[in-house]
Structures are given as C-alpha cells and as structure tokens.
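Structure, as structure tokens:
Atoms considered below: every heavy atom in the structure, side chains included; atoms not considered: hydrogens, waters and symmetry mates. Computed from a prediction, not measured in an experiment: that's the story for all the values here.
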Amino acid sequence: MRLPNHALRLFVAAVALTAASTDATAAVSAQPAWAGFFHPGRATGVFLEIQSQSGGETLITVASGGQRYTSPARLEPGTLHRQWLAVVPATEPSLLIRIDEPDNPDYREQIPLRVARRPIVAYVSMGEVPLPESRRHEVVAVDPALLPDDVGTYSTLDALVLARSGFERLSESQISTLLAFLGNCGRLLTIDIPAATLRLLRAQAGCNGLYLAAAHATEAGAAADRLLTVKSNTLPPASQLATMQPESERMQIWWRVTIFVLAYVIVIALLAASGRGRVAIAAIPIVATVVALLVWTPGVREELIVWSETSQGTQFARYRGLIRVTGSGRGVRRLTLPIGGGQPYAVAPHKAATFSTEPDRPNAHRVEIPVSLMSRSLFLLEGTFPVNPALALARGGGQPAVIHGGSRPTPEGMLSLAGDIFPLPAMQPGQTVQIDTDSPLPPDHRVGSLLRARAGERGAILLPLEQIERIDSDRTSGVGWLMVAPSTDEDESG
C-alpha cells in the first residue's frame, strides 16, 4: 500500500536518532515531540531512551540557542531509561542533545524541528482508520507509548485526538499529565470513548469542559477542525501581568526616582552656588552615578505576579505567573519558584539561562541566569494546581449574595457582576454576604478591570492567593489572584 506524502514525512520524522559507543555497551535514542512541529515561544519536548550496561549517574542536556535544559538521571544496569524533557526552542529550529554517562561519555546529537504554519493536532492510536487529511491543521500521528508525561510538552499542541485503544494503553503518569493538560483548558477530542470515561474526563476539564468533545473515528478530522474553531481562552499575557504590580512596589520605585532627582538637583545646585560652575558641569556624571548607587536597593530583586482561574465544581485551577528579575550587580542568580507543576521559560529567548530539573526536591524546576547592574529578565510559569472553591454566587430574584460553603475562612476579595466590580469582605464558613450593588469600585481599578474583562457577562469571584505571601526568600515579593467563574451547569455558582 502506498503511503500518502504527509504520512511518509511523519514516519521518517519519527525514526529514532540512535548512537552507540565503540564497545557497544550503551545506546541512546532521541526524538522530538509531535513529529518535530512546534510554535515559536511555546514549549515542546524531546523523548530520550538510554540503555546502559554498567549503570550510574548521567546528566542530560538539551541546548537551544543560548538556553540550556538539564536533568540528572540514574541509570540501572541493563535497564532501559525513558524520559521526557520539556524545552522552549530558541529562534533556530533545532535542539542539541548532550548526554554524559559512563558508557557513552560524549554523546551529541542535533535534532531538527519544524515551525508549524498551521495548528498542530496529534492523533493517538487511530487503529485501522487512516489518518485524516486536512488543509487546516498539521496532522501528527503519535504512538500511545510516546504520549508525553511532562505537561510542559503539551504547550505547543493545539489539540489532541485520543481513541479508546490509545487511552487504554496509557500509563498512570501519562493519564495524570493528560488530565493536567485538560484542566489547563487544552483541546481534547475523544474517539469512541465509553460514556463513563467521558464523564470522568469532563469532571477534570477546565473552562467548563468547553474544549472537550467526542466523535467517531470516521469523522475525526472534521471534528478536530470544529474543535479548533472554538476560541481559545488563554490566560493574560506577560505584558498584562506586568501591570499588576502591587501599589506598594510602585511607590517604592517612585520614591527611589524622587530621591535620585532631588539629591542630584541639590548637589549640582550647591556646586553652582559656590561659584564653581565648571566643577558642577564636570561633576554631573560622577554625582549621577554615586546617587543612583546610593538609592538603588542592593541585591537581586525578584517579583512574582500570578493570575489563576477555575470554575465552580472543578478540581483544578490553571495559572500563569510572571517572574521579573532585576539585578544590581554582576553574578549568577538562582530563581525562587514557589509554585510547582510548570516548566518556567523566558518571555523572550534568554542569552544564557540554564533550566534544570531536580526530581528529589518539592519543586523540581530550577532556573539560573547571569545578572548585572540594573539588568531585567522576565520568565513565565504555567500549569495547574488543585483547588476546591468555597464561595458560590447566588443570584435569585432579589439582591445577589455570596455563600461560603467551605471549611476555612476566606480573605477579602472582589466580585464581578453585570459589568461592575464590587468589594467582597472576608468570610467565615457558613456565612452569607449580601452584595451592595449601589457601591461598585472605580472603573479604573487595575485588578478589577482585568477581572471584568476575564469574567464577562456571567460574572466571577476573585480571591487573593494566600500561598503567594509565604515565599521563602527575603528578595522576592509576590502577589496573586484566583478567579472563580460560574459552572455551565449552575448559573448560581461562583
């Protein structure tokens, strides 16, 4: 049987890149996720298989541009080690893999990637049904054994088509990662999945299950195209998160600027008043440098800003966090990452960032970057975390109210309702608060404006993320919010 051209290309792209040492005691296989297709600025991944006869510790490094992604691995003698590693490719479409292990101390392989011009749709285990042809999306065939178990690898994927035969072959870690992808509002099209399983998936789906659909194998391609037409509900971009800086932090910056300007003007005025005009002119660069160093806060400063969203009745919230790092001296800085579950990546490709994985730590991800005086770097965190919203909005025929159905107190927050933003007081378990609709917050309220835009006409509740306040670093400040939207089943939920 003659394979279509696109299927032949996918088959060739899926061939493992294998290298062996001279004594044939070790072998390494590496292949990119999604047949090498990726969207610039979004994470993809590489799948590695290492077989070593002697075993031991090894360090896996994947480089792209100036960025490096490293992960240690423990190799057992005669056992096949399998591992996914999420990476964000730089401008050039390729990955350089380097593995240092006893049997093969200098393995290097260049893996080509392909920039996707259309949405990427992965089809998992379609059985005897041929892959559909589509002019609207890239068709990628994926064996169930090669479905990633690192949620960061899904970032570049636009939709996943999963047949029943493929779902039944997934491992526990793969299913867990799939649920995280679904909870993060990823598009999933199920093919001939039993109704009971579909209900379980729907319970885990984010965005009220808007991006979860079902179809028969013969209509998979058309159903995938329809699912892609559903507008993506992406979280606020880095540029919008950057404006969510706390007022106290903004005041500190403006106080530094004010002190700098006043000190500079006073020193120059004193020199000029003393009749030393030439000295004053010559001293301008020296005075400016000295005053700037005096008012600038010593040490590296990190700011973490997080926006997260969930729906009433769901078990996960998806989040996007922005880490802003400002340096005041030359050196190397290891960032503090208080939220786990996501692979951090640079907003713009960083010239010399090292992203590492330390599996034995509570938060496995680490980032090290070089810093210098007044340098600024931006990194994003994305992922999901478990949540059980305690507040519900009751909108009956009278005045709207918020009901606390949880077991722990909640802090002060906000409520979006009919295009207005209202303050929400701290609440105790079992308490009901009537909302005074005659006293909305000012329309230019920074956080309220974002809540209004994200909530839309259905409204939502916004609460501060308390865990952000407990960051184990005296150089890191954090602020974050959790938006709880109504469920599609209950308009009275919030």
**Asked** So, Asp149 and Arg82, do they make that salt bridge, N to O below 4.0 Å?
**Response** no

**Request:** Of all the heavy-atom pairs spanning Val151 and Ala180, show the shortest one and how long it is.
**Result:** CG2-CB, 3.9 Å

**Asked** Is there a side-chain contact between Leu201 and Leu182 (heavy atoms, below 4.5 Å)?
**Response** yes

**Item:** Thr156 (side chain) donor-acceptor with His39 (main chain) under 3.5 angstrom
**Value:** yes

**Request:** Go through Leu178 and Leu170 one step at a time and tell me if the side chain to side chain contact (heavy atoms under 4.5 Å, CB included) criterion holds.
**Result:** CA-CA 10 Å; Leu178 175 65; Leu170 298 182; 4.2 Å; yes

**Prompt:** Does the side chain of Val115 reach to within under 4.5 Å of the side chain of Phe38, using non-hydrogen atoms?
**Reply:** yes

**Asked** Once the angle between the rings of Phe379 and Phe355 is folded into 0 to 90°, is it parallel (under 30°), tilted (30 to 60°) or perpendicular (over 60°)?
**Response** perpendicular

**Item:** side chain to side chain contact (heavy atoms under 4.5 Å, CB included) evaluation trace for Thr70 with Glu368
**Value:** CA-CA 11 Å; Thr70 66; Glu368 289 185 354; over 6 Å; no

**Asked** Where do Gln51 and Leu80 come nearest, in terms of heavy atoms and distance?
**Response** OE1-CD1, 3.7 Å

**Prompt:** What's the spacing between Leu451 CG and Glu309 CD if we round to 0.5 Å?
**Reply:** 9.0 Å

**Item:** Validation row: Val121, Val140 side chains within 4.5 angstrom (heavy atoms)
**Value:** no

**Request:** Say whether, by atom type as modelled, one donor and one acceptor occur between the side chain of Ser308 and the main chain of Trp481 under 3.5 angstrom.
**Result:** yes

**Prompt:** If we only count heavy atoms from C-beta on, is the Leu146 to Gln31 side-chain gap below 4.5 Å?
**Reply:** yes

**Request:** Just do the side chain to side chain contact (heavy atoms under 4.5 Å, CB included) check on Leu85 and Asp150 with the steps written out, would you?
**Result:** CA-CA 7 Å; Leu85 191 61; Asp150 188 318; 5.7 Å; no

**Fill in**
Note: Tyr69 and Val88 closest approach over all heavy atoms is OH-N, 3.1 Å

**Request:** Evaluate the side chain to side chain contact (heavy atoms under 4.5 Å, CB included) criterion for residues Arg98 and Arg68: first the C-alpha distance (whole Å), next the side-chain angles of each, then the deciding distance (0.1 Å), finally the verdict.
**Result:** CA-CA 10 Å; Arg98 186 176 74 245; Arg68 298 189 308 149; 4.0 Å; yes

**Item:** Spacing of CE belonging to Met414 relative to CG belonging to Leu424, to within rounding of 0.5 Å
**Value:** 10.0 Å

**Request:** Of all the heavy-atom pairs spanning Ala224 and Leu189, show the shortest one and how long it is.
**Result:** N-CD2, 3.7 Å

**Prompt:** Taking it one step at a time, do Trp34 and Tyr154 satisfy ring-ring contact (aromatic ring centres under 6.0 Å, His included)?
**Reply:** CA-CA 9 Å; Trp34 322 126; Tyr154 281 88; 5.6 Å; yes

**Message:** Under the criterion side chain to side chain donor-acceptor pair (under 3.5 Å), I'd like the reasoning laid out for Ser171 against Ser173: C-alpha separation, chi angles, the key distance, then a yes or no.
**Reply:** CA-CA 5 Å; Ser171 67; Ser173 62; 3.2 Å; yes

**Arg408 side chain vs Ala390 backbone, donor-acceptor pair below 3.5 Å** = no

**Message:** Return the CD1 to CG distance between Ile461 and Leu391, rounded to the nearest 0.5 Å.
**Reply:** 5.0 Å

**Request:** Report the distance from atom CZ of Arg187 to atom CG of Leu157, rounding to the nearest 0.5 Å.
**Result:** 10.0 Å

**Rounded distance (nearest 0.5 Å) linking atom OG of Ser311 with atom CE of Met483** = 7.5 Å

**Message:** Determine whether a donor-acceptor pair (N or O, by modelled atom type, separation under 3.5 Å) exists between the side chain of Asp158 and the backbone of Ile120.
**Reply:** yes

**Request:** Find out whether Asn233 and Arg318 are in side-chain contact, i.e. whether some heavy atom of one side chain is under 4.5 Å from a heavy atom of the other.
**Result:** yes

**Message:** On a heavy-atom basis, which atom in Arg169 and which in Ser125 lie closest, and how many Å separate them?
**Reply:** NH1-OG, 4.1 Å

**Request:** Taking the side chain as every heavy atom from C-beta outward, state whether Val87 and Ser64 have any pair of such atoms under 4.5 Å apart.
**Result:** no

**Asked** Just how far is it from atom CZ of Arg454 to atom CG of Leu462, taken to the nearest 0.5 Å?
**Response** 11.5 Å

**From CA spacing to verdict: side chain to side chain donor-acceptor pair (under 3.5 Å), Arg320, Asn184** = CA-CA 10 Å; Arg320 176 172 287 171; Asn184 201 22; over 6 Å; no

**Prompt:** Counting N and O atoms only, with roles assigned by atom type, does the side chain of Arg42 sit under 3.5 Å from a partner on the main chain of Ser155, one being a donor and the other an acceptor?
**Reply:** yes

**Prompt:** Does Leu147 offer a backbone N or O that forms a donor-acceptor pair with the side chain of Gln174 under 3.5 Å?
**Reply:** yes

**Request:** Only one of Glu138, Arg136, His137 passes side chain to side chain donor-acceptor pair (under 3.5 Å) with Ser134; say which it is.
**Result:** His137

**Asked** How close do Pro89 and Leu113 get, heavy atom to heavy atom, and via which atoms?
**Response** CG-CD1, 3.7 Å

